[in-house]
Amino acid sequence: MNVQEARLREPVAEKTSEPFFIDRSSFPQRTASVATAAATEAEEVDRDARFPKAAIDAARQQRLLGVQIPQRFGGDGAPISDVTEMCYTLGRACASAAMIFAMHQTKVACLVRHGTGSKWHEALMRRVASEQMLLASSTTEGQNGGNIRFSTAAVERTDAEISLTRNATVISYGAQADGIVSIARRANDAAGSDQVLLAMTRDDYTLEKSLEWETLGMRGTCSAGFELKFKGSAEQIFPEGYDKIHAQTMTPVAHLCWSSAWAGIAAAAVDRAQAFIRKAARGSGGQMPPGAAHYTAAKMTLTKLRAMITASLDVYMAHEHDERALSSLDFQSQINLLKVEASELAVETVMNAMRACGLSGYRNDGDFSVGRHLRDVLSAPIMINNDRILANIATASLMSVVPASLRD
Ligand SMILES: Cc1cc2nc3c(=O)[nH]c(=O)nc-3n(C[C@H](O)[C@H](O)[C@H](O)COP(=O)(O)OP(=O)(O)OC[C@H]3O[C@@H](n4cnc5c(N)ncnc54)[C@H](O)[C@@H]3O)c2cc1C
């Protein structure tokens, strides 16, 4: 057994309520099969701004949509480290498929972490695993941009029934999803920051398109705007307030999964730059082309990006079940800064790859084109704008101490 295989058999279930060892040995091969399907349609998905159907069908076939669901509810109980690896692998094949997978897995993580113990949410977990349901996310509302910790639309209650009407400015793959996980104001008389998270399935809601998705990149995410109208039961509201879910799961898992998908896009661009430099060197008797330094820079920024993601991943996994540690200023700053830094580094890496390839990278045709990668990765800094995140954590950063040692 090599190191990679040994790591796939580590007892990750120790700290969770999973009863047995989780056999993760099939994950790489199952993911590779989805990546192959994703790569085959990536160009068409981008050109036509269409949903990556073959990739998501393959993810269903490989039962990856329910991979995080605990074994007792029919899933594999995969830890976040495996899910991020999947996002990276898919990012190398098709950015939109990877981002859809990353967003779905973030919703599933909320369900697993904060729905366990609630009959309704446990039943949904079973359905996600058995039916391989695809879950979308609704956080953006009206003109509120990426201000997720404030909701306008409120849950209306009539006895055990609830309803919600939401001006959802962006819901990626809203038209294709089997369910939506949405934030909302707790009640009509609640403050905008007093929020709940609720899960809804296809039969509970209608979507009326309010805005098309004609964008520079991430075109296959089909992130149109909708009016979301929901009617359901009060049980669909997660038992814990959204403030806790946001800090402990939604933000960390979203930032880890998104960053991994962006790192995958960056890696795909580096692949192309490497192929270009190799071909150019071969063509000139081993002489390095002038753009080689940009290729080295691309490798360097990719290394930095991967290191940053895995460092945050390790910290998150070490404290995954420690509410206090996850709510600490230090952790919250680190996980928010991960999104900012990873998105900037991913763009920088793809730019370096583009400059290494020169005109061959700039062209939209040919084997070394990185145009699609650049357009896709440019969504990273604006997906919850980096400026907003930096402004939000300015006070917290002031209060946290400057580390006295390297490993503090
Ligand atoms: C590919 C993609 C997929 C998405 N999918 C979904 C989805 O499925 N569901 C969903 O709900 N949302 C989705 N979103 C939306 C996303 O979650 C954010 O809501 C959105 O990116 C916010 O964009 P914005 O620029 O309109 O808003 P804002 O965040 O308001 O930014 C607007 C401008 O204001 C500036 N700004 C904002 N706040 C500050 C501040 N405090 N200090 C300084 N400057 C500031 C920003 O720099 C920016 O220039 C998606 C976005 C992308 C790119």
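Keep in mind that the numbers below use all heavy atoms, side chains included, and drop hydrogens, waters and symmetry copies. When a ligand or atom number is given, it counts from 1 through the structure's own listing order.
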Q: So which of Thr169, Leu390, Asn386, Asn385 gets nearest to atom 46 (C) of ligand 1, if we judge by its closest heavy atom?
A: Asn385

Q: Under 3.5 Å, is there a donor-acceptor pair between the Asp76 and Gln71 side chains?
A: no

Q: So which heavy atom in the protein is nearest atom 51 (C) of ligand 1, and how far is it from that ligand atom?
A: Met383 CG, 3.7 Å

Q: Identify the protein heavy atom lying closest to atom 27 (O) of ligand 1, giving its residue, its atom name and the separation to 0.1 Å.
A: Gly145 CA, 3.3 Å

Q: In this structure, are over 12 heavy atoms from other groups packed under 6.0 Å from Arg363 atom CZ?
A: no

Q: Is any heavy atom of the protein nearer than 4.0 Å to atom 34 (O) of ligand 1?
A: no

Q: Is atom 25 (O) of ligand 1 less than 4.0 angstrom from at least one protein heavy atom?
A: no

Q: Suppose we measure from atom 9 (N) of ligand 1 to each protein heavy atom; which comes out shortest, and what is that distance?
A: Ser137 O, 2.9 Å

Q: Measure from atom 6 (C) of ligand 1 to the protein's non-hydrogen atoms and state whether any distance is below 4.0 Å.
A: yes

Q: Side chains of Asn167 and Ser210: donor-acceptor distance under 3.5 Å anywhere?
A: no

Q: For atom 20 (C) of ligand 1, which candidate among Val170, Ile382, Asp387 holds the nearest heavy atom?
A: Ile382

Q: Any idea which of Ala380, Ser182, Ser172 brings a heavy atom closest to atom 4 (C) of ligand 1?
A: Ser172

Q: Between Lys107, Arg219, Met218, flag the one that comes closest to atom 1 (C) of ligand 1 by a heavy atom.
A: Met218

Q: Tell me the protein heavy atom at minimum distance from atom 42 (N) of ligand 1, and give that distance in Å.
A: Ala391 CB, 3.7 Å

Q: Ignoring angles and geometry beyond distance, decide whether Trp213 reaches within less than 3.5 Å of ligand 1 through its nitrogen or oxygen atoms.
A: no

Q: Examine ligand 1 and decide if any of its atoms is less than 4.0 Å from a heavy atom belonging to Ala136.
A: no

Q: Would you say the ring centers of Phe276 and Phe368 fall short of 6.0 Å from each other?
A: yes

Q: Hey, looking at atom 16 (C) of ligand 1, which of Ile389, Thr140, Thr106 has the closest heavy atom?
A: Thr140

Q: Quick one: do the Gln334 and Ser312 side chains pair a donor with an acceptor below 3.5 Å?
A: yes

Q: Parallel, tilted or perpendicular: which one describes the rings of Tyr316 and Phe331, with boundaries at 30° and 60°?
A: parallel

